[in-house]
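Remarks on the structure that follows.
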Amino acid sequence: MEARFVLLPGDGIGPEITAAARRVLQRVATRHGHTFEFDEKLLGGCAIDEFGDPLPQSTLAACRTADAILLGAVGGPKWDDPNAKTRPEAGLLALRKELGLFANLRPIKAHRQLLDASPLRRDLIEGVDILFFRELTGGIYFGESRLSEDGRRAESVMEYTTHEIERIVRLAASAARERRNKLTSVDKANVLEVSRLWRRTAARVMEDEYPEVDYEVVLVDAMAMHLISRPRDFDVVVTGNLFGDILTDEGSMLPGSLGMLPSASLGESQPGLYEPIHGSAPDIAGEDVANPLATIMAAAMALRHSLGLEAEAQSVERAVEVALNAGLRTRDIAGSGPSIGTTEMADAVVAAV
Ligand code: IPM
Ligand code: MG
């Protein structure tokens, strides 16, 4: 098949890890007889520097017509001025909104080979396999937000409509049906009106449309605790934008390193956006030490969800396992053992595809 990827390397380690993923995709194309085209565009801090806009029109236009979008990471101290007119993160939020990418899938799965890299005890995390569905284009991220004239009062409104809740719950419930048939919805319904609407709406969807799925609700503060104390009990978890942001960072510690986790952001029809969960790590940018595996596995998710190439996606995931089984580790997952760089890790995965 022919497919066009838009690559958004972004800032910090972004260019290094997307270059690694691009090489893996290129290898997949050669092995399986596909033609992949790659179109690199600016997003985030680098786009502010070049165009004064974290999401330039040229980037948005290219993304709209892509088959899949692969993003590195955006942001860094250079653009951290709290008084700045715009920030790199605004580009990412605008891209999600413009493309209608309301569903953010974040799989949290412990790799057998890395159990000892986790700060948590091995017996707690062995076998963990959670798929988060984070609502991505609503909630407090996109509600009304303002600062009073005198600068002494600010507000950010958390807002959801039944339509927004229904569509993300449906996706999550459908995914649960294909997995271990369990869905957990996370809210703060004991305090927030918006969460009470979330809870009623989710319950109705589950009762009417997914009666066979094992369904439970958990308050977000309790979830923060259960995620650490009994992570194996969860299969699919669905929650709003802010709670999902926080819980998935927490969950990312289960497998040991943030450097191992990919994510997919999907909408009704637009191309999907694929990225590692981790940030731009400006402290190690340009040093060829960043772990490219999250981005490489994000590329695998793109093959699966946007191009329908399941066998190819699995070949990439298996290649990552081969590299790990061979004992290859980047610094973040090496513990006190020897480590290799970004390029060398990419070489190993490319060779194993
Ligand atoms: C994430 C990030 C973003 C978010 C930032 C960079 C805007 O933390 O994708 O989880 O909060 O959504
Ligand atoms: Mg986050």
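Quick caveat: nothing in here was measured; it's all calculated off a predicted structure. Ligands are counted one by one from 1 in listed order, and the atoms in each one are counted from 1 as well.
A 4.5 Å side-chain heavy-atom check between Arg87 and Pro54 finds every atom pair outside the cut-off. At a threshold of 4.5 Å between non-hydrogen side-chain atoms, the residues Leu307 and Met1 count as touching. Proximity of Pro292 to Thr330: side-chain heavy atoms (C-beta onward) are separated by under 4.5 Å at one or more points.
The heavy atom nearest to atom 3 (C) of ligand 1, considering only Arg106, Arg96, His278, Glu89, is found in Arg96.
At the top of the distance list for atom 2 (C) of ligand 1, counting protein heavy atoms only, stands Asp245 OD1, 4.0 Å. Closest to atom 4 (C) of ligand 1 among all protein heavy atoms lies Tyr141 OH, 3.5 Å.
Below 4.0 Å from some heavy atom of Arg134 lie the following atoms of ligand 1, by number and element: 1 (C), 4 (C), 9 (O), 10 (O), 11 (O), 12 (O).
Residue contacts to the Mg ion (ligand 2): Asp245 brings an N, O or S atom closer than 2.8 Å.
For ligand 1, the polar-atom distance check finds no N/O of Glu275 at less than 3.5 Å from any of the ligand's N/O atoms.
Inspection of the Ser280 and Asp11 side chains reveals no N or O donor paired with an N or O acceptor under 3.5 Å. Side chains of Thr137 and Arg96: no donor on one and acceptor on the other come within 3.5 Å.
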